[in-house]
Participant: 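Quick one: the structure is below, and I'll ask about it shortly.
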Amino acid sequence: MKTTEEIQKRSNYLNESTKNILNSNERLDKEKQIVSVESQVEETFLKTLIGKEEGELKELLIELEAKSRVLNSSLEKQNDSKSKHKSQAKVWTNNIKINTIKWILEDQ
């Protein structure tokens with residue numbers, strides 16, 4: 001499992017990456033916008049996980065994976081594009097959270 005210091009280091013890296021993208025004089029294309037938002041979501045979520053015990057993280061991972069199945073099932077049933085986009089955003093955000101917890105739980 002990652003240490004608090006490693007989590008903080010990752011959070012700071014994501015924060016700096018986001019700042020660099022947003023402060024760049026270059027036009028923000030879709031890819032940079034997505035990277036920026038993904039970094040912000042991950043950084044925010046990381047901050048909520050600092051200090052959590054391994055057991056808590058594993059329980060949260062199980063909950064998020066169950067939520068992922070429900071969201072994906074719901075997404076398959078969506079017909080109109082507006083609802084589908086909202087559902088895709090929820091799936092995307094949930095996947096970021098799952099991957100973040102998995103990263104924290106990884107052995108070094």
Side-chain angles (χ1 to χ4, degrees):
M1 188 168 137
K2 301 288 189 275
T3 64
T4 300
E5 183 180 297
E6 290 171 308
I7 295 169
Q8 190 61 50
K9 186 176 179 180
R10 173 81 179 156
S11 178
N12 291 341
Y13 168 78
L14 292 167
N15 185 0
E16 285 302 314
S17 295
T18 301
K19 282 182 185 177
N20 290 338
I21 290 171
L22 297 176
N23 292 333
S24 170
N25 290 331
E26 296 177 33
R27 185 178 168 274
L28 282 181
D29 57 21
K30 290 283 185 198
E31 185 177 340
K32 286 182 181 175
Q33 290 174 359
I34 290 169
V35 169
S36 173
V37 171
E38 185 173 349
S39 293
Q40 291 172 351
V41 170
E42 185 179 349
E43 177 197 2
T44 301
F45 191 57
L46 275 171
K47 288 178 181 178
T48 68
L49 300 176
I50 291 175
K52 296 236 185 252
E53 298 292 326
E54 186 173 354
E56 292 176 287
L57 292 173
K58 287 180 177 179
E59 286 180 29
L60 184 55
L61 181 60
I62 291 168
E63 290 173 21
L64 290 171
E65 287 174 335
K67 182 179 178 180
S68 183
R69 288 188 290 279
V70 170
L71 289 171
N72 283 320
S73 175
S74 172
L75 181 60
E76 292 172 7
K77 297 173 186 172
Q78 298 291 325
N79 292 326
D80 70 285
S81 63
K82 190 172 186 176
S83 294
K84 196 165 200 140
H85 283 36
K86 279 185 172 182
S87 293
Q88 286 171 330
K90 289 178 183 179
V91 167
W92 182 68
T93 303
N94 196 63
N95 286 341
I96 293 169
K97 291 177 178 182
I98 288 170
N99 292 332
T100 301
I101 292 174
K102 285 181 177 180
W103 175 80
I104 291 172
L105 291 173
E106 280 179 357
D107 286 334
Q108 313 212 350

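Everything numeric in this text was worked out from a predicted model, so none of it was measured.
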Participant: Could you go through the side chain to side chain contact (heavy atoms under 4.5 Å, CB included) check for Leu61 and Leu57 one step at a time?
Facilitator: CA-CA 6 Å; Leu61 181 60; Leu57 292 173; over 6 Å; no
Participant: Using the side chain to side chain contact (heavy atoms under 4.5 Å, CB included) rule, take Trp103 and Ile7 through it: C-alpha gap first, then chi angles, then the decisive distance, then the call.
Facilitator: CA-CA 9 Å; Trp103 175 80; Ile7 295 169; 4.2 Å; yes
Participant: Which ILVMFWY residues are connected to Leu71, directly or by a chain of links, through side-chain heavy atoms under 4.5 Å apart?
Facilitator: Leu75, Val91
Participant: Mind checking side chain to side chain contact (heavy atoms under 4.5 Å, CB included) for Lys9 and listing every partner two or more places apart, or none if nothing turns up?
Facilitator: none
Participant: Going from CG on Leu49 to OG1 on Thr44, what distance comes out if it is rounded to the nearest 0.5 angstrom?
Facilitator: 11.0 Å
Participant: Are Ile34 and Val41 linked, directly or through other ILVMFWY residues, by side chains that come within less than 4.5 angstrom of each other?
Facilitator: yes
Participant: Looking at Asn72 and Ser68, would you say the former's side chain and the latter's main chain have a donor-acceptor pair under 3.5 Å?
Facilitator: yes
Participant: Taking the side chain from Ser17 and the backbone from Tyr13, do they hold a donor-acceptor pair closer than 3.5 Å?
Facilitator: yes
Participant: Can you tell me if Ser73 uses its side chain to pair, donor with acceptor, with the backbone of Arg69 under 3.5 Å?
Facilitator: no
Participant: What's the spacing between Thr100 OG1 and Glu42 CD if we round to 0.5 Å?
Facilitator: 4.0 Å
Participant: Which distance, rounded to the nearest 0.5 Å, do you find between the NE2 of His85 and the CD of Gln78?
Facilitator: 11.5 Å
Participant: When you measure from the side chain of Glu56 to the backbone of Glu53, do you find a donor-acceptor pair of N or O atoms at a distance under 3.5 Å?
Facilitator: yes
Participant: Starting at NZ of Lys52, measure out to CG of Leu60 and round the result to the nearest 0.5 Å.
Facilitator: 7.5 Å
Participant: Are Glu65 and Lys102 close enough for a salt bridge, meaning some N to O gap below 4.0 Å?
Facilitator: yes
Participant: Between Thr18 and Leu14 (side chain of the first, backbone of the second, donor and acceptor by atom type, cut-off under 3.5 Å), is there such a pair?
Facilitator: yes
Participant: If you round to the nearest 0.5 Å, how far is CD of Glu38 from CD1 of Ile96?
Facilitator: 4.5 Å
Participant: Are Glu5 and Gln8 packed together at the side-chain level, in the sense that at least one heavy-atom pair is separated by less than 4.5 angstrom?
Facilitator: no
Participant: Do the non-hydrogen side-chain atoms of Phe45 and Thr93 ever get within less than 4.5 Å of each other?
Facilitator: no
Participant: Shared ILVMFWY cluster between Val35 and Trp92, side chains joined below 4.5 angstrom?
Facilitator: no
Participant: Taking Ser11's backbone N and O only, do any of them form a donor-acceptor pair with Asn15's side chain (distance below 3.5 Å, no angle check)?
Facilitator: no
Participant: Has Ser74 got a side-chain atom pairing as donor or acceptor with Val70's backbone, closer than 3.5 angstrom?
Facilitator: no
Participant: Taking salt bridge (Lys or Arg N to Asp or Glu O under 4.0 Å) as the definition, give me every residue that meets it alongside Lys67, ordered by chain and number, with sequence neighbours left out.
Facilitator: none
Participant: Rounded at 0.5 Å granularity, tell me how far CD in Gln40 sits from NZ in Lys19.
Facilitator: 11.5 Å
Participant: So, are Glu43 and Lys47 salt-bridged, with charged N and O less than 4.0 Å apart?
Facilitator: yes
Participant: Taking atom NZ of Lys58 as the centre, report whether more than 12 heavy atoms of other residues, nucleotides or ligands fall under 6.0 Å from it.
Facilitator: no
